[in-house]
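Reading through the structure tokens given below for one structure.
Owing to the predicted nature of the structure, the values given are computational and were not obtained by experimental measurement. By convention here, the first residue in the shown sequence is residue 1.
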Amino acid sequence: MAAVTEDPLGFLLVDVARLLRRRFEKALENAGLGLTVAEARTLAFVSRHPGLRQSTLADELCVEPMTLVGFLDRLEAAALVERIPDPADRRAKLIRLTPNAASIVRRIRAIGKQVREDAERGVDPVAIESMRVALLKIQDNILATEGSVA
């Protein structure tokens, strides 16, 4: 279903994000990795930001700490992540990938790339880049005003 020109940008963004997530979820399921989208996202994020504290990782992923614990428990049981004591605070845990995770992360990235390429098919690459730049600016604007929202 194509968007109507009166559709506010926010609605369109949410709908496209929902469709991309659904497509990624299906592609991930078809790949047989045995991971949920949230677990795949966690692995991909940790691969880009190794050694984050568990609490920081929950904040960065915008999930509740207890929700992240469930993801990490399953990923740790699959020998894909490990929790190590933070030398600066022994109560805190740092999260990093195990060597077993490297090939899984490569597959997750390949799946994500294919989903993006399918979604962007027929769209001018210059328009894609302009949209990316515009979304980054919108993101910055929202983050800059987060503290001032009543």
(message) For Ala79, is there any backbone N or O sitting under 3.5 Å from a side-chain donor or acceptor partner on Asn100?
(response) yes

(request) Applying side chain to side chain contact (heavy atoms under 4.5 Å, CB included), run through Leu9 and Ile138 and close with a yes or a no. (result) CA-CA 11 Å; Leu9 180 61; Ile138 290 169; 3.8 Å; yes

(request) Check the hydrophobic clustering (I, L, V, M, F, W, Y; side-chain heavy atoms under 4.5 Å; chains of links allowed) and say if Ile142 and Leu135 are grouped together. (result) yes

(message) Can you tell me how far apart CG (Asp140) and OG1 (Thr145) are? Round to the nearest 0.5 Å.
(response) 10.5 Å

(message) Tell me whether Ile84 shares a hydrophobic cluster with Val81, the cluster being built from Ile, Leu, Val, Met, Phe, Trp, Tyr side chains joined at under 4.5 Å.
(response) no

(request) Can you run down the salt bridge (charged side-chain N to carboxylate O under 4.0 Å, His left out) pairs that involve residues 114-123, sequence neighbours left out, and say none if there aren't any? (result) Lys113-Glu117, Asp118-Arg121

(request) Taking all non-hydrogen atoms of both residues into account, name the closest pair between Arg96 and Glu82 and its distance. (result) NE-OE2, 2.6 Å

Could you pull out all donor-acceptor pairs under 3.5 Å where a side-chain atom in residues 20-37 meets a protein atom, sequence neighbours excluded?
| unit_1 | atom_1 | unit_2 | atom_2 | d |
| --- | --- | --- | --- | --- |
| Asn30 | ND2 | Lys26 | O | 3.4 |
| Thr36 | OG1 | Ala38 | N | 3.4 |
| Thr36 | OG1 | Glu39 | N | 3.0 |

Got a list of side-chain donor-acceptor pairs under 3.5 Å for residues 43-51, not counting sequence neighbours?
| unit_1 | atom_1 | unit_2 | atom_2 | d |
| --- | --- | --- | --- | --- |
| Ser47 | OG | Ala44 | O | 2.7 |
| Ser47 | OG | Arg109 | NH2 | 2.6 |
| Arg48 | NH1 | Ala44 | O | 3.4 |

(message) Do Met131 and Ile128 make a side-chain contact, defined as non-hydrogen atoms from C-beta onward lying under 4.5 Å apart?
(response) yes

(message) So, taking the atom named CD1 in Ile104 and the one named OG1 in Thr98, what distance separates them when rounded to the nearest 0.5 Å?
(response) 9.5 Å

(request) Find out whether Leu68 and Ile95 are in side-chain contact, i.e. whether some heavy atom of one side chain is under 4.5 Å from a heavy atom of the other. (result) no

(message) If I compare all heavy atoms of Arg83 with all of Lys93, which pair ends up nearest, and what's the gap?
(response) CB-CB, 4.2 Å

(request) Taking the side chain as every heavy atom from C-beta outward, state whether Asp89 and Arg53 have any atom pair closer than 4.5 Å. (result) yes

(request) Check whether any side-chain N or O of Arg107 sits under 3.5 Å from a backbone N or O of Ser103 as a donor-acceptor pair, and report yes or no. (result) no

(message) Tell me if the CZ atom of Arg74 is crowded by more than 12 foreign heavy atoms within 6.0 Å.
(response) yes

(request) Give a yes or no on whether Val123 and Val133 share a hydrophobic cluster (residues Ile, Leu, Val, Met, Phe, Trp, Tyr; joining criterion: side-chain heavy atoms under 4.5 Å apart). (result) no

(request) List the steps, then state whether side chain to side chain contact (heavy atoms under 4.5 Å, CB included) holds for Gln114 with Ile111. (result) CA-CA 5 Å; Gln114 186 62 57; Ile111 291 165; 5.9 Å; no

(message) Quick check on Arg18: does its CZ atom have over 12 non-hydrogen neighbours (other residues, nucleotides or ligands) under 6.0 Å away?
(response) yes

(message) Using 0.5 Å steps for rounding, measure from the CG atom of Asp15 to the CG atom of Leu19.
(response) 4.5 Å

(request) Give the minimum heavy-atom separation between Pro65 and Ala58, together with the two atoms involved. (result) CA-CB, 4.0 Å

(message) Any heavy-atom pair between the side chains of Leu94 and Asp86 that's under 4.5 Å?
(response) yes

